[in-house]
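Structure record follows, encoded as structure tokens.
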Amino acid sequence: MDEGETFQEAVLKLVMQIPKGRVTTYGRIANEVKGSVHAARAVGQALAKNPHPGVIPCHRVVRSDGDIGGYSQGIAKKIELLRAEGIEIEGRKVKKINEVLFQFSSVGRG
DNA sequence: GGGTGGGCTTGTA
DNA sequence: TTACAAGCCCACC
């Protein structure tokens with residue numbers, strides 16, 4: 001991440017890169033920003049307090065287990081947003097999470 | 001300016 | 001499936 005950017009900024013920027021119809025996990029972001037999956041807690045904080053709720057698709061971030069986890073506006077809301085993008089939701093978990101999982105290190109990360 | 005607690009998590013037993 | 005422990009950042013006092 002950029003030195004001039006803070007942890008929160010780095011997290012938000014990564015989430016912004018998530019394309020529609022795709023989702024990622026807190027651990028992935030935490031690994032990209034801090035390199036520690038335990039930082040996922042901090043990632044959630046950054047998303048929960050995202051200063052750009054209209055630019056940061058925090059609803060595209062779910063748990064590593066596929067569970068939606070939580071949402072400041074409400075889990076139900078998060079589910080609707082994901083379904084609106086074409087992502088299937090089973091109860092409180094994302095179906096075929098491995099297929100919609102978006103990887104940051106996929107390309108351009110050399 | 002310093003110390004403590006909470007949160008949209010993760011992994012193991 | 002449930003319960004416990006670890007590490008990280010922000011807000012409050």
Side-chain angles (χ1 to χ4, degrees):
Chain A
M1 64 181 189
D2 299 334
E3 295 179 5
E5 302 296 339
T6 61
F7 175 84
Q8 187 170 30
E9 288 274 340
V11 173
L12 301 176
K13 292 180 87 166
L14 285 170
V15 178
M16 288 168 68
Q17 297 189 33
I18 303 173
K20 196 182 86 164
R22 292 289 184 280
V23 300
T24 191
T25 66
Y26 300 97
R28 294 278 184 194
I29 299 170
N31 273 312
E32 284 292 308
V33 179
K34 286 302 302 181
S36 301
V37 292
H38 291 273
R41 294 288 293 267
V43 174
Q45 272 293 342
L47 300 175
K49 298 161 67 74
N50 64 345
H52 305 293
V55 183
I56 312 298
C58 45
H59 65 270
R60 289 183 190 156
V61 186
V62 299
R63 286 205 207 178
S64 183
D65 189 23
D67 196 289
I68 291 172
Y71 197 55
S72 186
Q73 298 185 8
I75 300 171
K77 181 60 119 181
K78 188 169 180 173
I79 294 170
E80 292 201 7
L81 290 168
L82 292 169
R83 290 172 71 90
E85 299 198 352
I87 298 171
E88 297 185 49
I89 308 296
E90 179 73 68
R92 300 246 132 51
K93 301 196 2 182
V94 179
K95 297 213 301 186
K96 302 205 299 185
I97 175 69
N98 47 290
E99 296 226 357
V100 294
L101 250 179
F102 175 70
Q103 303 178 53
F104 298 106
S105 300
S106 185
V107 291
R109 288 284 302 159

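From a predicted model like this one, the values you see are computed outputs, not experimental measurements. Chain identifiers are assigned alphabetically (A, B, ...) following the order of the sequence lines, protein sequences preceding nucleic acid strands; residue numbering begins at 1 within each chain.
Here the CD-CZ distance, from Q17(A) to R22(A), works out to 15.0 Å after rounding to the nearest 0.5 Å. Taking NZ of K78(A) as the start and CZ of R92(A) as the end, the distance is 12.0 Å to the nearest 0.5 Å. To the nearest 0.5 Å, atoms CG (N98(A)) and NZ (K96(A)) are separated by 8.5 Å.
Hydrophobic cluster membership is shared by L14(A) and Y26(A), with clusters built from Ile, Leu, Val, Met, Phe, Trp and Tyr side chains linked at under 4.5 angstrom. A continuous path of Ile, Leu, Val, Met, Phe, Trp and Tyr side chains, each step under 4.5 Å between heavy atoms, connects V100(A) with I68(A), placing both in one hydrophobic cluster. In this structure, V55(A) is a member of the same hydrophobic cluster as V11(A), with clusters built from ILVMFWY side-chain heavy atoms closer than 4.5 Å. When hydrophobic clusters are built by joining Ile, Leu, Val, Met, Phe, Trp and Tyr residues whose side-chain heavy atoms come closer than 4.5 Å, directly or via intermediates, V61(A) is not grouped with V23(A). Under the 4.5 Å side-chain contact rule for hydrophobic residues, V62(A) and I89(A) share a cluster.
Listed nucleotides: dG7(C), dC8(C), dC8(B). Nearest to the side chain of A39(A): dC8(C). Closest contact between the side chain of R63(A) and the listed nucleotides dC8(C), dT9(B), dC8(B) involves dT9(B).
The residue S64(A) sits close only to the backbone: its heavy atoms come under 4.0 Å of sugar-phosphate atoms, none of a base.
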Inset, instruction - For DNA chain B, produce a single dot-bracket line, 5' to 3'. Pairs: Watson-Crick or G-U wobble, both distances under 3.5 Å. Symbols: ( ) within strand, [ ] crossing, | other strand, . unpaired. - result: .||||||.|||||

Is there any protein nitrogen or oxygen under 3.5 Å from a nitrogen or oxygen in nucleotides 9-13 of chain C, and what are the pairs?
unit_1  : atom_1 : unit_2 : atom_2 : d
dA11(C) : OP1    : K49(A) : NZ     : 3.3

Please list, pair by pair, any protein nitrogen or oxygen found under 3.5 Å from a nitrogen or oxygen in nucleotides 1-5 of chain B.
none

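A donor atom on one side chain and an acceptor atom on the other are not found under 3.5 Å apart for Q73(A) and H59(A).
Rounded to whole Å, atom P of dC8(B) lies 20 Å from atom CD of E80(A). What separates CG of D67(A) from P of dG11(B) is a distance of 14 Å, to the nearest Å. One interatomic measurement links the two molecules: NE2 of H38(A) to P of dG11(B), which rounds to 8 Å at whole-angstrom precision. Atom CD1 of I56(A) is separated from atom C1' of dC8(B) by 14 Å (rounded to the nearest Å). Here dT9(B) presents its P atom at 16 Å from CG of N31(A), a figure rounded to the nearest Å. Atom CG in L47(A) sits about 7 Å away from atom C1' in dC8(B), given to the nearest Å. When the P atom of dG7(B) is taken as reference, atom OH of Y71(A) falls 19 Å away, rounded to whole Å.
Phosphate proximity of dG7(B) to R41(A): absent, as no side-chain N or O sits under 4.0 Å from OP1 or OP2.
For dC8(B), its base sits under 3.5 Å from the side chain of Y26(A) at one donor and acceptor pair at least.
Counting only heavy atoms from C-beta outward, the side chains of R83(A) and E88(A) never approach each other to under 4.5 Å. Taking the side chain as every heavy atom from C-beta outward, F104(A) and I29(A) approach each other to under 4.5 Å.
Shown here for T24(A) and F102(A), the closest heavy-atom pair between the two residues is OG1-O, 3.5 Å.
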